[in-house]
Amino acid sequence: MEQHRTREPRIPSSYGPRGASAQPAGVYRAAVAPTASAASGRRQAPVVAALRGLPRPRLTGLGTGLFAALSMVFLGFVDDLLFGASAVFFGVMFLPVSAATALWVRAADLVTAPIAVPIAFALGTVPVSGGTGGFATQAMAVVTSLAMHAGWLYGGTLVAGVIASVRKIREMGRRQAERDAEARAMRTARPGDGLRGATVRGPRRG
């Protein structure tokens, strides 16, 4: 009697061991390059990431003065309406305005930041000074308010001055590094300049 051969069922190539994903032939997974943070194994601090995400406009000297003045006048009206001309609120809000003024001014007008900040503070005290009547009465109220808030005024001006000074020093260092890089590039581009003008003399004939 003839025995019929039984064919074993073919297992498709897409089937594999349990847990393995099926992939068609000719399809390869691209290797994903690790990011800089993953390669270094360090994560950025939330404060640094938040500061990098903030807008960084570059204001001129006039724009810096207008920004600081309008900000302090607005905060003065808010202080008068909501907090009853609170000196603490006005002084505390003056500090971030001073820092933003020094951070957002362009490098060519850094000197204007410490000058614009006290002027803006004086203009902002007009709504919170509580002066009534004519110009002389209002001016005396502003002077009295400046004398009472002198600590906040000096503090905000110091903040703006320190930030502007640090930015100026960094700008000078960056320019010096650029000049040094240009000098090195010029020296490497012309390596034979030092030998220019030198003549090679052979042995004298008798």
Contact summary for [X] and [Y], nearest pair of heavy atoms:
X: Ala185; Y: Thr188; value: O-OG1, 3.0 Å
X: Asp109; Y: Thr112; value: O-OG1, 2.5 Å
X: Phe94; Y: Thr157; value: CE2-N, 4.1 Å
X: Ala102; Y: Ala164; value: CB-N, 4.2 Å
X: Ala160; Y: Ser98; value: CB-O, 3.9 Å
X: Leu110; Y: Pro114; value: O-CD, 3.5 Å

Which residues share a side chain to side chain donor-acceptor pair (under 3.5 Å) with Arg174, sequence neighbours left out:
Glu171, Glu178
Answer whether the closest heavy-atom distance between the side chains of Arg167 and Val105 falls below 4.5 Å.
yes
Looking at [atom1] of [X] and [atom2] of [Y], how far apart are the two atoms once the value is rounded to the nearest 0.5 Å?
X: Met72; Y: Ile119; atom1: CE; atom2: CD1; value: 13.5 Å
X: Leu153; Y: Leu146; atom1: CG; atom2: CG; value: 6.5 Å
X: Thr125; Y: Asp80; atom1: OG1; atom2: CG; value: 12.0 Å
X: Thr64; Y: Leu59; atom1: OG1; atom2: CG; value: 4.5 Å

Same apolar cluster (I L V M F W Y, side chains within < 4.5 Å links), [X]/[Y]:
X: Leu70; Y: Phe77; answer: no
X: Leu82; Y: Val88; answer: yes
X: Val159; Y: Trp104; answer: yes
X: Leu81; Y: Val73; answer: no
X: Leu158; Y: Tyr154; answer: no

Sub-6.0 Å ring centroid separation between Phe90 and Trp152:
no
